[in-house]
Amino acid sequence: ERNLNEQVQMLKGNLLLSRILYQLYQQLEAAPSTLVKNLEEQIADLHLAQFELSQQRDQLFQKTQYLDNLIASSRETVSEEDKASLAKLIDTRISLLDQLNRQMDAQLTNAISLQLTQQQLTRIYASIEFTLQQHIFWVSSNKPIDGKWFINWPSHAYKQVSDLVLKPDWQGWGDMLLAVSLLALPLLLVGGLLLWKRPTLVKRQQKITKDLGRFRQDSQWHTPRALLYTVLQRLPGTLFILAAGLLLAYCGLLSPRLIFQITLNLALGYLVFSVYLSVMRPGGIGESHFRIPRDELQAKRNSMRYLWLPLLPLIMLSTKAVVEPSSLGNDVIGQGMTMLLLGLTAYLVLPISRARIKGEASMLQTMTAVALALAPVALMVLAALGYYYTALKLTGRLIESFYLIIIWSLVYRTALRGLELAARRLAYRRAVAKREHKSSEDAEGGEAIEEQPMDLEEVSQQSLRLTRIMLLVVF
């Protein structure tokens, strides 16, 4: 690790440093990690076996008593010659047990030494990995984007396309087809089953919508159930994307790990955005459950629908940067695409953030909106300065932040509706109890005692504040 830091200081500011760090990181990931498993259990077993061996040896050391007990348990008559032979056998057995005990001592010492060595290697491996990640993150991976970069871009892009070789490995794909098919087939079957049951899910969701607003039928579980049905309706697309990625993982066009990771991230992004767009469609959960105005609903839906277009290739580029960072050094096409896509993302995020800032939002929501509006611009600056890997790494985190914000908004609105429904039920029960109490007082002719009313608005605000705190802790 000290040598690594010294080399980093020597090559600081040189693009060669990033390539060296990428190669070291990939070599570290590809290094064989054949650690002995269950070593603690094996050491415990050795301790137990040695303890049992010591007990047997202690019994044999009391040779006279052991021999008398052995003769007493025998039904046959034992002569003096037999006793002498038995005594010699006991001495031989004691000698063998001593040898076995020494061997077990040596084996136990080696096992403990191996355990300590493995722990030390694990700590060193984690330390070097962390150091490499830190240096890779803060080291420029590409040339800065300036006038010379734009002038040379066509020739560099042509050279990058010319060097690109897409040669499918049908032989290797055929060898792995049976194994990946066994994994992809359940995904396809579950996706097909959900497609077949989609009309049933839609009918159940419509029934939930009809029960909304009815005092006896409506409940806090209606919105979570409606969201669950929406997720199940959109889940087939996610499963089909995963199945396609598994089937194409060993086609040879890209590395299997890269294909699978891209597929996994695309499937997750499709699920989150498709569920959100389904919730925000006219007549959907956003309008019927959350009571969002139709104009605001349509604006949010359009913004998120267009935002998905630049995020789709950004997911692929950020995944490639994490899995294969060594391929970014001469990726001028990807660098140009990243700048263009981040600019488009900033343009699409700006109206969403501006509407959030102008609306009745809390300080935390306003700060989040401002951060989301400025994040794509900051990433463009990093990519323009040559920190291409850093920009893509943070782009992946930005996309994950979008997912968390979408999930947080759905959970928050669900909790808000539950609090609203609970407040309505409480107000209704208090009104009924007050009416019944007044009727009984009128019937008895007594003087009514005025009860101090409960401030339902204050209770709702406190519950809402507590809900926000819990959601912030969770997310």
Side-chain angles (χ1 to χ4, degrees), residues 12-13 15 17-18 21-22 130 132-150 153 265 268-269 272-273 300 303-304 306-325 327-359 361-409 472 475:
K12 192 173 183 179
L15 291 179
L17 176 61
S18 61
L21 291 176
Y22 295 151
F130 178 76
L132 282 175
Q133 288 178 351
Q134 293 295 316
H135 287 309
I136 289 173
F137 187 81
W138 295 110
V139 168
S140 59
S141 59
N142 295 66
K143 295 181 179 179
I145 297 179
D146 50 12
K148 186 177 180 181
W149 185 90
F150 283 103
W153 189 87
N265 292 337
L268 178 61
V272 174
F273 274 90
K300 288 184 177 181
S303 300
M304 297 302 293
Y306 294 129
L307 182 61
W308 169 247
L309 298 177
L311 290 184
L312 183 66
L314 281 176
I315 290 174
M316 299 181 183
L317 290 171
S318 61
T319 305
K320 182 182 178 183
V322 174
V323 178
E324 296 180 355
S327 62
L328 302 179
N330 299 319
D331 188 14
V332 293
I333 297 178
Q335 198 171 2
M337 287 181 59
T338 301
M339 295 289 294
L340 182 62
L341 294 169
L342 286 175
L344 184 57
T345 303
Y347 174 76
L348 294 174
V349 169
L350 183 61
I352 303 175
S353 301
R354 186 168 52 193
R356 174 62 65 181
I357 294 172
K358 290 182 178 180
S362 62
M363 180 62 68
L364 179 62
Q365 292 176 340
T366 302
M367 292 176 60
T368 304
V370 173
L372 285 179
L374 296 178
V377 180
L379 295 176
M380 290 177 64
V381 173
L382 283 175
L385 293 176
Y387 293 89
Y388 182 40
Y389 171 81
T390 306
L392 289 179
K393 185 88 171 180
L394 294 177
T395 299
R397 297 293 182 265
L398 178 63
I399 294 172
E400 294 173 359
S401 300
F402 278 124
Y403 297 163
L404 288 177
I405 290 173
I406 289 175
I407 296 173
W408 186 89
S409 65
L472 285 175
F475 284 91

Taking the side chain as C-beta and beyond, is there a heavy-atom pair between [X] and [Y] under 4.5 Å?
| X | Y | value |
| --- | --- | --- |
| Leu394 | Leu398 | no |
| Leu307 | Met304 | yes |
| Leu341 | Leu311 | no |
| Leu317 | Thr395 | no |
| Leu344 | Leu340 | no |
| Val272 | Phe402 | no |

Subject >> Parallel, tilted or perpendicular, as decided by the 30° and 60° cut-offs, for the rings of Trp308 and Phe273 >> reply: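 Rings of Phe273 and Trp308: tilted, 30 to 60°.
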From [X] [atom1] over to [Y] [atom2], what is the distance, rounded to the nearest 0.5 angstrom?
| X | Y | atom1 | atom2 | value |
| --- | --- | --- | --- | --- |
| Met367 | Leu372 | CE | CG | 12.0 Å |
| Leu309 | Leu314 | CG | CG | 11.5 Å |
| Thr319 | Asn265 | OG1 | CG | 4.0 Å |
| Leu382 | Lys393 | CG | NZ | 14.5 Å |
| Thr338 | Ile145 | OG1 | CD1 | 8.5 Å |
| Thr345 | Met380 | OG1 | CE | 9.5 Å |

Original post:
Okay, side chain of Trp149, backbone of Pro144: is any donor-acceptor separation there less than 3.5 Å?
Top reply: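 The answer is no, because no donor-acceptor pair under 3.5 Å joins these two groups.
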Original post:
Short question: side chain of Tyr388, backbone of Gly334 - any donor-acceptor pair under 3.5 Å?
Top reply: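 It does hold such a pair.
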Original post:
Restricting to pairs with a member in residues 312-321, which pass salt bridge (charged side-chain N to carboxylate O under 4.0 Å, His left out), not counting sequence neighbours?
Top reply: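 Non-adjacent pairs meeting salt bridge (charged side-chain N to carboxylate O under 4.0 Å, His left out): zero.
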Subject >> Residue pair Met339 / Ala383: nearest heavy atoms and the distance that separates them >> reply: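 Closest pair (atom of Met339, atom of Ala383, distance): SD-CB, 3.6 Å.
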